[in-house]
Amino acid sequence: DMMREVLGLKELERKIKKKLPVEDVIVVAGDSDQSPWVKREMGRACVSRIKHSLKGNDIVAVTGGTTLAAVAEMMTPDVKYRDVLFVPARGGLGEDVTNQANTICARMAEKAMGHYRLLHVPDQLSAETYQSIIEEPAIKEVLELIKSSTIVIHGIGDAKTMAERRKTPPAEMTKIEQNKAVAEAFGYYFNQYGEVVHKVNTVGIQLEDVRHVPCVIAVAGGASKAKAIQAYMKQANRCILITDEGAAKQLVRDD
Ligand code: F6P
């Protein structure tokens, strides 16, 4: 901690707490936009924060993305995970296999030596298919487990970057742009005031559910995500932010 004080990371944490309504914040050294290994440092910080919050028989829901993949890579086994169940937070959001919540959930559970359940639903469902799929008993059971999550760990992305990475259809793309979305998390797109301007239709945790989860940890870094983090936090409630110096410096600079 002495080292983190000397490096100015503690000071950045104090400034962020003053500026954003976060429950807690951890800033790691570096900028993940420039140095990919910084994601692993955020991952390490996240893993130790999770352990700190475990009660025993927790249900841990995780989202996809490269940052959450780094969290999974840094996960280490612990007796505390013996009765912990890992689940994906939401169904497919158009990510490549390595970045999907299911893949990350399984990897994290294996590394922790805990248990996991996966959600097998296709991306971009029609309204009718969506309704019949959520009535399937096997799916319903996993969805109920997801809704009773005690810990949620999620990424935050820049809206445009995410919409492009997901190969969003043109009509939705126009909606996202016209409504000036700046942030994305859980398949929800937010404007700079933290208002939802678009939502990907999929099963799993909904934004309303997140508000009732006792422990929510957002992991997102890189200067390019500062605006997205700031916008997302405007609507978040008791969220623990794990970020890097690149995003933090930009965050305390922006108005
Ligand atoms: O698509 C899943 C997701 O968690 C998004 O909600 C988020 O915006 C994105 O991944 C973050 O991805 P990355 O960590 O690769 O920037």
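Numbering of ligands and ligand atoms starts at 1, following listing order. Side-chain atoms are counted along with the backbone in the values below, which use heavy atoms only and exclude waters and symmetry mates. Given the structure is predicted, the values throughout are model-derived calculations rather than measurements.
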Please confirm whether Met162 approaches ligand 1 to less than 4.0 Å, judged on its heavy atoms. yes

Per-atom filter on ligand 1: closer than 4.0 angstrom to a heavy atom of Phe186 are 6 (O)

Nearest non-hydrogen contact to atom 10 (O) of ligand 1 from the set Ser224, Gly155, Gly64 belongs to Gly64

Go through Arg165 and Asp96 one step at a time and tell me if the salt bridge (Lys or Arg N to Asp or Glu O under 4.0 Å) criterion holds. CA-CA 9 Å; Arg165 186 162 104 189; Asp96 287 342; over 6 Å; no

Any idea which of Ile156, Asn99, Thr67 brings a heavy atom closest to atom 11 (C) of ligand 1? Ile156

Kindly compute the distance separating CZ (Arg40) from OG (Ser35), expressed to the nearest 0.5 Å. 13.5 Å

So the atoms of ligand 1 within less than 4.0 Å of a heavy atom of Ala185 turn out to be 6 (O)

Using heavy-atom distances only, which candidate in Thr63, Val62, Thr66 approaches atom 15 (O) of ligand 1 most closely? Thr66

Side-chain donor or acceptor of Lys80 paired with backbone N/O of Leu54 under 3.5 Å: no

Can any side-chain N or O of Glu245 pair as donor or acceptor with the backbone N or O of Ala29 at less than 3.5 Å? no

What protein heavy atom is closest to atom 2 (C) of ligand 1, reported as residue, atom name and distance in Å? Glu95 OE2, 3.3 Å

Side chain or backbone, does Gly157 bring an N or O within less than 3.5 Å of an N or O on ligand 1? yes

Nearest option to atom 6 (O) of ligand 1, as decided by whichever heavy atom of Glu184, Met42, His154, Gln100 sits closest: Glu184

Taking side chain to side chain contact (heavy atoms under 4.5 Å, CB included) as the definition, give me every residue that meets it alongside Met113, ordered by chain and number, with sequence neighbours left out. Pro77

Between Lys225 and ligand 1, which part of the residue brings a heavy atom under 4.0 Å of the ligand: side chain, backbone, both or neither? side chain

Atom pairs and distances, side-chain donor-acceptor, residues 101-110, under 3.5 Å, sequence neighbours left out:
| residue | atom | partner | partner atom | Å |
| --- | --- | --- | --- | --- |
| Asn102 | OD1 | Leu119 | N | 3.1 |
| Asn102 | ND2 | Leu119 | O | 2.7 |
| Thr103 | OG1 | Val97 | O | 2.6 |
| Arg107 | NE | Glu73 | OE2 | 2.8 |
| Arg107 | NH2 | Glu73 | OE1 | 3.3 |

Quick one: does Arg165 get within less than 4.0 Å of ligand 1, heavy atoms only? yes

In terms of atom number and element, which parts of ligand 1 are under 4.0 angstrom from non-hydrogen atoms of Gly65? 10 (O), 12 (O), 14 (O), 15 (O)

Looking at Phe86 versus His115, is the centre-to-centre ring distance below 6.0 Å? no

With hydrophobic residues grouped by side-chain heavy-atom distances under 4.5 Å, do Leu143 and Tyr188 end up in a single group? yes

